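Report on the structure given below.
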Amino acid sequence: MLVIRPIEQRDLPTLKQIAIESGHGFTSLPVNDELLQNKIDHSLASFASRPAGKGECLYFFVAEDSDTGEVLGTSALDAAVGLSSPFYTYLLGKQVHSSPKLGIYNVVDTLTLTNDYTGVSELCTLFLRESARKGLNGRLLSKCRFMFLAEFSELFDHRILAEMRGVSDERGSSPFWSWLQEHFFSMDFPTVDYLTGIGQKGFIADLMPKYPIYVNLLSKEARAVIGKTHDKTRPALRLLEEEGFSWRGYVDIFDAGPSVECDLKQIRTVRNSRQLKVHIGEPLDAGKHLISNTRFDGFRALIGDLAVNEEKAQAVMTEEVARLLKVEDGDTVRVVEMNR
Ligand SMILES: CC(C)(COP(=O)(O)OP(=O)(O)OC[C@H]1O[C@@H](n2cnc3c(N)ncnc32)[C@H](O)[C@@H]1OP(=O)(O)O)[C@@H](O)C(=O)NCCC(=O)NCCSC(=O)CCC(=O)O
């Protein structure tokens, strides 16, 4: 069974391997030992000192196969972006150029550089190794974070965002970036993506076009990918859309991939999950549920069989499920039925 837990120091070698497998455009996992170690340190520190409220914390989770101990995926929650270094995003807007006298009315799209997501919480680093992309594994990896958000909502912003990877080819070349590169930067997309991933964002402010960009002046290729998601990231987007996330016009400044967002309280799993008491026994008429314990640093989540005893507000589960969740009879768990 696949079990979600916070990342630990021993996961570094696998994290390096996953960073390589995740490929170009996967900004949050650059192939850089120091940065990956920093991520582990940041997450360990965040889980070790439970803050009173929202801070610059990173909650990094891995999915472990309980039979083999192998780590098969990653997913993370950044409690607040842009607080110590700016978080840039383009907003796709409109300008109307109209002359009633001449009978001309033109609506043109514009891209405006903003820091509108400053302080917002971010879902990031969702990656499942190819061999594990089956069954409900991808769902577990994405949705376990909503169980954590529901349980510890005071540690997050009321807005939750996710930047979806935009369009780039096998060699890491992005049509949107190519246009920016030609006119404003002299760096290829893998380099800029890597520099962003390791936190060297200063050059963005220095080199980025400072005025809004008229979209109709971009190349045809660049225009075509604004707000479009990378093929391999469509399942990740689908999982978020199912939860109520939507695109409100914000796009990534490098590859123009869409940023989707949802109010924390409106996220489907946050709304529909509830706390029940553990009862270890035979779960008769069991159905598949997403289940998490309610511990902070010892957080565990999995998708398993569970029967709900409504009268007693109990979650009836097998000993194995209870053991993997690190819970005992009478403990509290958070549960939500899987609709597939
Ligand atoms: C994202 C995951 C973890 C998802 O795992 P799986 O592929 O096993 O998921 P799945 O259950 O097969 O698919 C999930 C849903 O997407 C649908 N689906 C599959 N392919 C699709 C496509 N091409 N277009 C539209 N929908 C598609 C499936 O039918 C299913 O919906 P139905 O059940 O309704 O049929 C994986 O694909 C992955 O590791 N991708 C590569 C890395 C990546 O791009 N990660 C996101 C980066 S962006 C990021 O990290 C921020 C976002 C975030 O953190 O959440």
Side-chain angles (χ1 to χ4, degrees), residues 1-6 59 61-75 77 123 126 128 132-156 160 235-236 238-245 262 264-340:
M1 205 177 286
L2 208 57
V3 181
I4 304 295
R5 62 164 171 82
Y59 303 103
F61 303 98
V62 295
E64 182 180 303
D65 182 325
S66 63
D67 293 330
T68 62
E70 199 184 352
V71 165
L72 297 174
T74 58
S75 89
L77 271 167
L123 298 160
L126 181 69
L128 185 60
R133 287 184 199 165
K134 54 188 179 210
L136 298 171
N137 291 348
R139 285 202 137 64
L140 169 65
L141 203 53
S142 175
K143 293 178 192 247
C144 68
R145 297 170 296 182
F146 305 129
M147 301 294 262
F148 194 79
L149 282 171
E151 203 58 53
F152 305 106
S153 58
E154 72 281 5
L155 303 182
F156 298 92
I160 311 295
R238 166 92 191 101
L239 291 170
L240 294 179
E241 285 172 344
E242 214 176 73
E243 292 285 331
F245 282 74
C262 190
L264 193 155
K265 290 203 176 84
Q266 298 304 323
I267 298 173
R268 184 161 306 159
T269 295
V270 173
R271 278 195 284 127
N272 294 350
S273 64
R274 58 183 171 148
Q275 291 187 339
L276 294 170
K277 292 286 174 209
V278 173
H279 178 73
I280 298 170
E282 180 88 13
L284 298 172
D285 291 329
K288 285 257 172 292
H289 286 73
L290 173 57
I291 322 166
S292 67
N293 68 16
T294 54
R295 305 226 304 262
F296 179 66
D297 52 344
F299 183 78
R300 295 288 184 280
L302 54 79
I303 291 176
D305 286 330
L306 182 136
V308 176
N309 181 333
E310 292 291 353
E311 234 169 74
K312 297 183 175 167
Q314 279 178 340
V316 185
M317 62 183 75
T318 62
E319 227 164 83
E320 190 202 4
V321 168
R323 179 177 54 80
L324 295 174
L325 286 167
K326 296 198 175 297
V327 291
E328 294 175 356
D329 254 327
D331 283 351
T332 303
V333 282
R334 178 171 290 276
V335 307
V336 63
E337 198 169 356
M338 298 301 294
N339 48 11
R340 65 196 63 239

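Predicted model, so just to flag it, every value in this text is computed and none were measured.
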Next item on the list: Give a yes or no on whether the backbone of V71 and the side-chain of D65 come within a donor-acceptor separation of less than 3.5 Å.
Entry: no

Check: Is a donor on one side and an acceptor on the other found under 3.5 Å between the side chain of H279 and the backbone of K277?
Finding: no

Next item on the list: State plainly whether the residues R295 and E151 are in salt-bridge range, i.e. N to O under 4.0 Å.
Entry: no

Notebook entry, point to check: Hey, are the side chains of L240 and L123 touching, using non-hydrogen atoms and a 4.5 Å cut-off?
Noted result: yes

Notebook entry, point to check: Distance-only, no hydrogens or angles: does the S273 side chain make a donor-acceptor pair with backbone N or O of T269 under 3.5 Å?
Noted result: yes

Margin query: Working to the nearest 0.5 angstrom, can you tell me the gap between L77 CG and L149 CG?
Written below: 5.0 Å

Check: Do R268 and V336 have side chains that get closer than 4.5 Å, going by heavy atoms?
Finding: no

Next item on the list: Kindly compute the distance separating CD1 (I303) from NZ (K288), expressed to the nearest 0.5 Å.
Entry: 8.5 Å

Margin query: Once rounded to the nearest 0.5 Å, what's the spacing between atom NZ of K143 and atom CG of L126?
Written below: 11.0 Å

Notebook entry, point to check: When rounded to the nearest 0.5 angstrom, what distance separates CZ in F299 from CZ in F61?
Noted result: 5.5 Å

Notebook entry, point to check: Do L264 and F146 have side-chain heavy atoms sitting under 4.5 Å apart?
Noted result: no

Check: Is there side-chain contact between L290 and L140, with heavy atoms separated by less than 4.5 Å?
Finding: yes

